[in-house]
Asker: 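First the structure, which I've put down as structure tokens, then a few questions once you've had a look.
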Amino acid sequence: MKIVRTDSELQTPRLDAALISAGHDLVLLPDGASEATLMQASHDADLILMCYTPITRQVIENAPNLKGIVKYGVGIDAIDIPAAIEHDVAVVNVPEYAEETVAEGAFALMIALAKKLTALDTHMTQQGWAWPEPTWLGNDIAGKTVGIIGLGKIGRSMARMAGLGFRARVIAYSPHTSAEEMGAIGVEKIDDLNDLMAQSDFVSVHCVLNNKTKGLIGKDQLRAMKPSAFLINVSRGAIVDEVALLQAIRKKWIAGAGLDVFSQEPLSKDDHPLRELFDYPNVILSPHLTFYTQEAMQRLEDETLDRCLEVLEGRDVVVKSADPRLRAQTTGVRFMD
């Protein structure tokens, strides 16, 4: 069968080798491939593997043999799932491979911001030493308030690290999680997002991107933050109004930010709307790689291969995600709670 895998810069050698050794025709497309290029490559495809490249209605309708779309990753906002459902194309993601990994990445950004590690490293590289001057005064995490937006599995891992690990007070804005459920893991539920922003010394974003969360953190929410507080986003760039965030950094509404995701990727120093962020020592920029560890990639490749084989062998595809967009499927899938 024919398989098209987009975003080939994310190398999955074990997965690719397994599919080829099973006799399938594997076509690799680079990141940023146009819709026309994808349509041409996938018009006779049985399976599409995607990570970032949008899988539009046009792509799906142009591929009459298509049986499944496997997101080798978590976020599914780039897939036209209603179109897939209409055409009996199963859609599945791999939601569990990097829960701890991404939380560790978010925590690493938080520590680096609190201790001014990247700015100190730059100064040390340029000057050779730094004296204990007010410029380098950092912050403790113990005793501070860490606000989490979206208390899913990654958010819960972040909460455990901050609360049990570093003795921070942990609060969360997560409308679909009860106060009792949060209390059981030592987290205080906050019903108003602006209230969470105002109370937090660190705000860490972990909700999924959908129509309700796009632009969830805008100018009003950023203005509600303390001028000593930091924003961390390892989820999706579009959850934050990035124009407002740039204004918040310029005008010092907040103390800084740690960003692993951007609504327009890749980032660029030349012509990207957020290129000014490169100039701020209180902003840490990461290239959407908090998921990228040896252990997480092995889990990702193994589980992606399992989902691919289910599609290619005509079996129902296991859906482990609780996302209602995936749970709306009624054929070709089976759900694992």
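Worth saying up front: this structure is predicted, and the values here are computed from it rather than measured.
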Asker: List in chain and number order the residues that pass side chain to side chain donor-acceptor pair (under 3.5 Å) with S228, two or more places apart in sequence or in another chain; answer none if no residue qualifies.
Answerer: none
Asker: List for me each residue that meets salt bridge (charged side-chain N to carboxylate O under 4.0 Å, His left out) alongside R315, sequence neighbours excluded, and say none if there are none.
Answerer: E313
Asker: For residues S174 and K189, report the shortest heavy-atom separation together with the two atoms involved.
Answerer: O-NZ, 3.0 Å
Asker: Which heavy-atom pair separates I148 from L196 by the least distance, and what is that distance?
Answerer: O-CD1, 3.9 Å
Asker: Side-chain donor-acceptor contacts of residues 217-224 below 3.5 Å, not counting sequence neighbours, with atom names and distances?
Answerer:
{"unit_1": "Q221", "atom_1": "OE1", "unit_2": "G218", "atom_2": "N", "d": "2.8"}
{"unit_1": "Q221", "atom_1": "NE2", "unit_2": "N194", "atom_2": "OD1", "d": "2.9"}

Asker: Do K226 and D201 sit within salt-bridge range, that is, some charged N less than 4.0 Å from a carboxylate O?
Answerer: yes
Asker: Return the set of residues passing side chain to side chain donor-acceptor pair (under 3.5 Å) with T125 (not counting sequence neighbours), or none when no residue passes.
Answerer: none
Asker: Identify the two heavy atoms, one from S321 and one from N93, that lie closest to each other, and give their separation to 0.1 Å.
Answerer: CB-OD1, 3.4 Å
Asker: What side-chain donor-acceptor pairs closer than 3.5 Å can you find for residues 292-311, not counting sequence neighbours?
Answerer:
{"unit_1": "T293", "atom_1": "OG1", "unit_2": "A296", "atom_2": "N", "d": "3.1"}
{"unit_1": "R299", "atom_1": "NE", "unit_2": "Y97", "atom_2": "O", "d": "2.7"}
{"unit_1": "R299", "atom_1": "NH2", "unit_2": "Y97", "atom_2": "O", "d": "3.0"}
{"unit_1": "R299", "atom_1": "NH2", "unit_2": "T101", "atom_2": "OG1", "d": "3.3"}
{"unit_1": "E301", "atom_1": "OE1", "unit_2": "R14", "atom_2": "N", "d": "2.9"}
{"unit_1": "E301", "atom_1": "OE1", "unit_2": "L15", "atom_2": "N", "d": "2.8"}
{"unit_1": "D302", "atom_1": "OD1", "unit_2": "R14", "atom_2": "NH1", "d": "3.3"}
{"unit_1": "D302", "atom_1": "OD1", "unit_2": "R14", "atom_2": "NH2", "d": "2.5"}
{"unit_1": "E303", "atom_1": "OE1", "unit_2": "K320", "atom_2": "NZ", "d": "3.4"}
{"unit_1": "E303", "atom_1": "OE2", "unit_2": "R307", "atom_2": "NH1", "d": "3.3"}
{"unit_1": "E303", "atom_1": "OE2", "unit_2": "K320", "atom_2": "NZ", "d": "3.2"}
{"unit_1": "T304", "atom_1": "OG1", "unit_2": "L300", "atom_2": "O", "d": "2.7"}
{"unit_1": "R307", "atom_1": "NE", "unit_2": "E310", "atom_2": "OE1", "d": "2.8"}
{"unit_1": "R307", "atom_1": "NH2", "unit_2": "E310", "atom_2": "OE2", "d": "2.7"}
{"unit_1": "E310", "atom_1": "OE1", "unit_2": "V318", "atom_2": "N", "d": "3.0"}

Asker: Is a salt bridge present between R236 and D260, judged by a nitrogen-to-oxygen distance below 4.0 Å?
Answerer: no
Asker: So, Q58 and N62: side-chain donor and acceptor under 3.5 Å apart, yes or no?
Answerer: no
Asker: Under the salt bridge (charged side-chain N to carboxylate O under 4.0 Å, His left out) rule, collect the residues that match up with K2, sequence neighbours excluded.
Answerer: D44
